[in-house]
Amino acid sequence: MEYLSLIPATALGYLTLRVTTHPTSRIRRKLPHLKAGRIQILPVLRFKIFGRVIHLHHWISFSIVLGLSFFISMGVVDYIVTKGILLGGIIHGLTVPKAHRKIIYKNYSLEKLISLDKKTIT
């Protein structure tokens, strides 16, 4: 019976990340751009190493946390609702076009990394 709460939590995680992670989202645009040296923390997590940029997508970090939650049961990650929200975030990240799931970029241009295809702009 406890697993029935997984479905709405997964839907909540999917819809929340769909609204907040899109580059033209009002919520994402209002987030401050926190950058310290070669690390950018907000609105996305990026590291600049050896002339390349490594973009840690939300679905990668959510996968790590969800995987660890099966072995380590402590705190809020032990709840089935939290696992559902993480699963929804992973599903959202894997449903975006493959071109937007790139992890390593050769060129560090913020405008180039967050720009959209001309087809998606209406």
Side-chain angles (χ1 to χ4, degrees):
M1 197 63 162
E2 181 181 325
Y3 288 101
L4 288 178
S5 61
L6 184 69
I7 296 169
T10 303
L12 176 69
Y14 178 84
L15 293 173
T16 302
L17 285 161
R18 183 175 178 202
V19 169
T20 58
T21 60
H22 197 275
T24 60
S25 162
R26 277 191 276 163
I27 296 170
R28 182 174 170 171
R29 283 187 288 168
K30 288 184 180 182
L31 287 174
H33 289 271
L34 294 178
K35 186 177 177 185
R38 296 174 177 254
I39 300 173
Q40 180 181 358
I41 299 171
L42 282 176
V44 294
L45 187 57
R46 293 187 185 124
F47 306 97
K48 184 176 181 183
I49 301 172
F50 302 117
R52 305 216 189 273
V53 176
I54 298 174
H55 181 175
L56 188 62
H57 294 274
H58 65 275
W59 57 270
I60 295 172
S61 56
F62 284 7
S63 298
I64 293 168
V65 172
L66 184 63
L68 289 175
S69 73
F70 292 116
F71 299 107
I72 302 170
S73 59
M74 57 185 257
V76 77
V77 294
D78 196 30
Y79 298 125
I80 195 74
V81 174
T82 306
K83 291 179 183 180
I85 291 171
L86 291 171
L87 183 62
I90 294 167
I91 292 170
H92 170 264
L94 294 175
T95 57
V96 298
K98 192 171 182 175
H100 296 286
R101 284 188 272 157
K102 195 171 183 182
I103 296 172
I104 299 174
Y105 296 93
K106 294 180 183 178
N107 209 352
Y108 187 71
S109 169
L110 205 58
E111 293 79 25
K112 188 175 183 179
L113 291 176
I114 62 171
S115 66
L116 297 172
D117 296 334
K118 291 180 182 178
K119 295 177 187 175
T120 59
I121 299 173
T122 55

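Note that the numbering runs from 1 along the sequence shown for the chain.
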In this structure, would Val44 and Ile90 fall into the same cluster of hydrophobic residues linked by side-chain contacts under 4.5 Å?
no
Flag yes if Val81 and Tyr3 sit in one hydrophobic cluster, no otherwise; membership is Ile, Leu, Val, Met, Phe, Trp, Tyr, and two members link when side-chain heavy atoms are under 4.5 Å apart.
yes
If I take atom [atom1] from residue [X] and atom [atom2] from residue [Y], how far apart are they, to the nearest 0.5 angstrom?
{"X": "Leu17", "Y": "Leu12", "atom1": "CG", "atom2": "CG", "answer": "9.0 Å"}
{"X": "Asp78", "Y": "Phe70", "atom1": "CG", "atom2": "CZ", "answer": "10.5 Å"}
{"X": "Leu56", "Y": "Gln40", "atom1": "CG", "atom2": "CD", "answer": "12.5 Å"}
{"X": "Arg38", "Y": "Phe47", "atom1": "CZ", "atom2": "CZ", "answer": "13.0 Å"}
{"X": "Leu42", "Y": "His33", "atom1": "CG", "atom2": "NE2", "answer": "9.0 Å"}
{"X": "Thr10", "Y": "Leu87", "atom1": "OG1", "atom2": "CG", "answer": "4.5 Å"}

Passes side chain to side chain contact (heavy atoms under 4.5 Å, CB included), Lys48 versus Ile39? Steps please.
CA-CA 6 Å; Lys48 184 176 181 183; Ile39 300 173; over 6 Å; no
Can you name the residues that form a side-chain hydrogen bond (donor to acceptor under 3.5 Å, both in side chains) with His92, not counting sequence neighbours?
His58
Ignoring hydrogens, what is the shortest heavy-atom contact between [X] and [Y]? Give both atom names and the distance.
{"X": "Thr20", "Y": "Arg28", "answer": "O-CB, 3.4 Å"}
{"X": "Leu4", "Y": "Pro8", "answer": "O-CD, 3.2 Å"}
{"X": "Arg46", "Y": "Val53", "answer": "CD-CG1, 3.8 Å"}
{"X": "Ser5", "Y": "Glu2", "answer": "OG-O, 2.8 Å"}

Can you list the steps and then say if Thr95 with Tyr14 is a side chain to side chain contact (heavy atoms under 4.5 Å, CB included)?
CA-CA 10 Å; Thr95 57; Tyr14 178 84; 3.8 Å; yes
For a side chain to side chain contact (heavy atoms under 4.5 Å, CB included) check, start with the C-alpha distance between Arg52 and Lys106, then their side-chain angles and the critical distance, and finish with the verdict.
CA-CA 5 Å; Arg52 305 216 189 273; Lys106 294 180 183 178; 3.0 Å; yes
Hydrophobic cluster partners of Ile27 (side-chain heavy atoms under 4.5 Å):
Val19
Please determine whether side chain to side chain contact (heavy atoms under 4.5 Å, CB included) holds for the pair Ile60 and Ile103, giving the CA-CA distance in whole Å, both sets of side-chain angles, and the decisive distance to 0.1 Å.
CA-CA 10 Å; Ile60 295 172; Ile103 296 172; 3.6 Å; yes
Side-chain atoms of residues 62-69: list all donor-acceptor pairs with protein atoms under 3.5 Å, sequence neighbours left out, distances to 0.1 Å.
from, atom 1, to, atom 2, distance (Å)
Ser63, OG, Trp59, O, 2.6
Ser69, OG, Leu66, O, 2.7

Quick check: are there more than 12 heavy atoms from other residues, nucleotides or ligands sitting under 6.0 Å from CD1 of Ile7?
no
